[in-house]
Amino acid sequence: MTAGVREEPREAVRPRTPRRLPLPTLLALLVGFAGVGYRLALLFADVPPTNSDEATMGLAALHIARGEGFPVWFYGQAYMGTLEAYLAAPLVALAGPSVLVLRLPTLALYALFLLLSWRLTRRLGGDRWYALLVVAVLALGADRVVKNQLIAGGGYPELNPAGAALALLTVGLCVSGPGARLPRWAAWGLISGVLLWVDPLILPYVLTLGVLLVARRRREMAGRAGLVLAGALLLGAAPMLVDSIRHGRNPVTAVLAAGGSGTAADWADRLHGALVLGPPLAMGFCSPGRCATWQLWWAVAFPVLLVLAALTAWHTLRRASGRPGSAVRVSAGVRLALLGGAAGVLAAYAVSNAAGRTPIESSRYLSCLAVAVPALLWPLWQAARPLAARRLTGLRQFAEVAASEEGGYRHLPEMESIKATGGRATGARARMAGVGALAVLAGVLGTGASATVDVIRAAPDVHAEADRHRSLVDTLGALDVRNVRGGYWTCNRLTYATGENVVCAVVDDDLTPGFDRLPAYRREVAADPGAAWVAPAGSPLAARLDERLGTESGALDVVTVAGWRIYLPRR
């Protein structure tokens, strides 16, 4: 029975080689961890600086954690959903109120954005080296960028991962079979509905990606898929819809009023804020709180690149018109939708008064331009890839020599394809285009890295200010002060930091009542005849309160803390 069967020696059985990550994927993973680690280090250094708006979201999380309330909107207004408060509420319940626990969910959202952007780049036809480039650009963190990503002030940290997720779902819906699409339709609708509740700034992307879905899947949307999508969208937007019905409020009106209330800005100022300052600030090319002249080069490059990327995607779409279901056509369509969404975001910002009146601060409205980075940089990568192939080929040879026979990176398919493409790209024009594209990509990385270093340099000052605020909290506790009056940017920050052990009512610089996002705080402070006053040292409010110092009846005594002045009623 054993005739003809020859036993193989064990030495002849080749062990299975464990699967290794391709080198660019490994590098992307390391760069991604570096980007997340950099932001985590900033959080421990109290960067970016917190404020009362973020503390207002913290108070909502505190109330949710205690079961005292389940707010739909940011306190004091009828727009901007409180998703960040619900994400942070379990951590606040476990660890108590702090800026760190409020920002840990936003850090997780940023990490998710990196992962989704890498995946989206690959699904749109980019090789692993291009996906590494996209991750590297998004890992940089200038002042405005880390504020948009980390401050839990309402809406901004959620926008980018949600936009990238919608784009990925759109790719999947356009290429997968009908039987596998219903869960994707539900996810697409749910994310869109939640975004409508949280912050409509992402709406241009929802519209352009939605138009693409209608163009490619309109028959399917006329059936069960459309019902699933509509039902999921209503579910995601349910908090907004239920609240609007209960209270007769129109959130659309509130959003439009927030974007353009007050004196109308001049069109020249709007265009300067939107087209000159906006793109460099939003993409992370500027120093903390300002844009140097040399950092504004992106204001010229951005619109040119936006048009070039759109033309490239349109040309690819037309060239693949004979293959309606091809992945190339789907990729070009999604890239075009992302670029259209970015253009819509920029246009909506340009017509707002905020672009002209407060361009530095309101550039946060452009934070979701980052969603379009995989499409925006694509023409640069296509032009630079032949020249980059020579460097990557040398890197491949180094990796092969460094790797052992049992393990290592012995096969790098992306390098092979790049090399093949590089062999076809000949001629002086192609070389010039490649050199120019490499220069722009180097400028993107170099300018972003410079702005990131500026954030690190400013971190000690921000940390020192946070320490001074902690000293203020400790001093109020030692003085047994429970009710105070202060400026808007003092009050809710102080109330959240103390877990509502200190309640603050807002006053303006002339000591008249200011804007209280939670009116109950004002009533509580008004009922306390021993309520104190708190003001930053050197502020107009402190100067006004200094006039009430003295020995007569009704005068105030002052206690000085580093950077702060506490005014106590004379007893």
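Numbers here simply count residues along the sequence, with the first being 1.
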Without swapping roles, check the side chain of Ser363 against the backbone of Ile360 for a donor-acceptor pair under 3.5 Å. yes
Side chains of Leu201 and Tyr349, heavy atoms from C-beta outward: is any pair under 4.5 Å? no
Quick check: does any side chain N or O of Thr82 sit under 3.5 Å from a backbone N or O of Pro71, one acting as donor and the other as acceptor? yes
Would you kindly say whether Asn51 and Arg493 are connected by a side-chain donor-acceptor distance under 3.5 Å? no
Would you call Phe285 and Trp294 a side-chain contact if the rule is heavy atoms closer than 4.5 Å? no
Residue pair Thr447 / Trp297, side-chain donor-acceptor N/O under 3.5 Å: yes
Answer yes or no: is there a donor N or O on one side and an acceptor on the other, between the side chain of Tyr38 and the main chain of Gly141, under 3.5 Å? yes
Do NZ/NE/NH1/NH2 and the carboxylate oxygens of Asp474 and Arg470 come within less than 4.0 Å? no
Does any pair with a residue in residues 267-305 pass disulfide (SG to SG under 2.5 Å), and if so which ones, sequence neighbours excluded? Cys286-Cys291
Close side-chain approach of Leu87 to Leu109, heavy-atom, < 4.5 Å: yes
Within the distance-only criterion (no hydrogens, no angle test), does the side chain of Ser450 pair as donor or acceptor with the backbone N or O of Gly446 below 3.5 angstrom? no
Between the side chain of Tyr75 and the main-chain N/O of Asp516, is any donor-acceptor distance below 3.5 Å? no
Using 30° and 60° as the class boundaries, would you call the ring planes of Tyr488 and Phe515 parallel, tilted or perpendicular? parallel
For Arg103, the option from Glu54, Glu84, Gln149 that meets side chain to side chain contact (heavy atoms under 4.5 Å, CB included): Glu54
Taking the side chain as every heavy atom from C-beta outward, state whether Tyr156 and Ile151 have any pair of such atoms under 4.5 Å apart. no
Is it true that Tyr567 and Arg485 share a donor-acceptor pair across their side chains at a distance under 3.5 Å? no
Is the backbone N or O of Leu59 less than 3.5 Å from a side-chain atom of His63, with the two atoms forming a donor-acceptor pair by type? yes
Just by modelled atom types, is the Ala265 backbone N or O under 3.5 Å from a matching donor or acceptor in the Arg270 side chain? yes
Does Leu281 offer a backbone N or O that forms a donor-acceptor pair with the side chain of Arg144 under 3.5 Å? no
Do any N or O atoms from the side chain of Tyr205 and from the backbone of Cys368 form a donor-acceptor pair under 3.5 angstrom? yes
Donor-acceptor contact present, side-chain Asp461 to main-chain Ala458, <3.5 Å: no
If we ignore angles and hydrogens, is there a donor and acceptor under 3.5 Å between the side chains of Gln295 and Ser287? yes
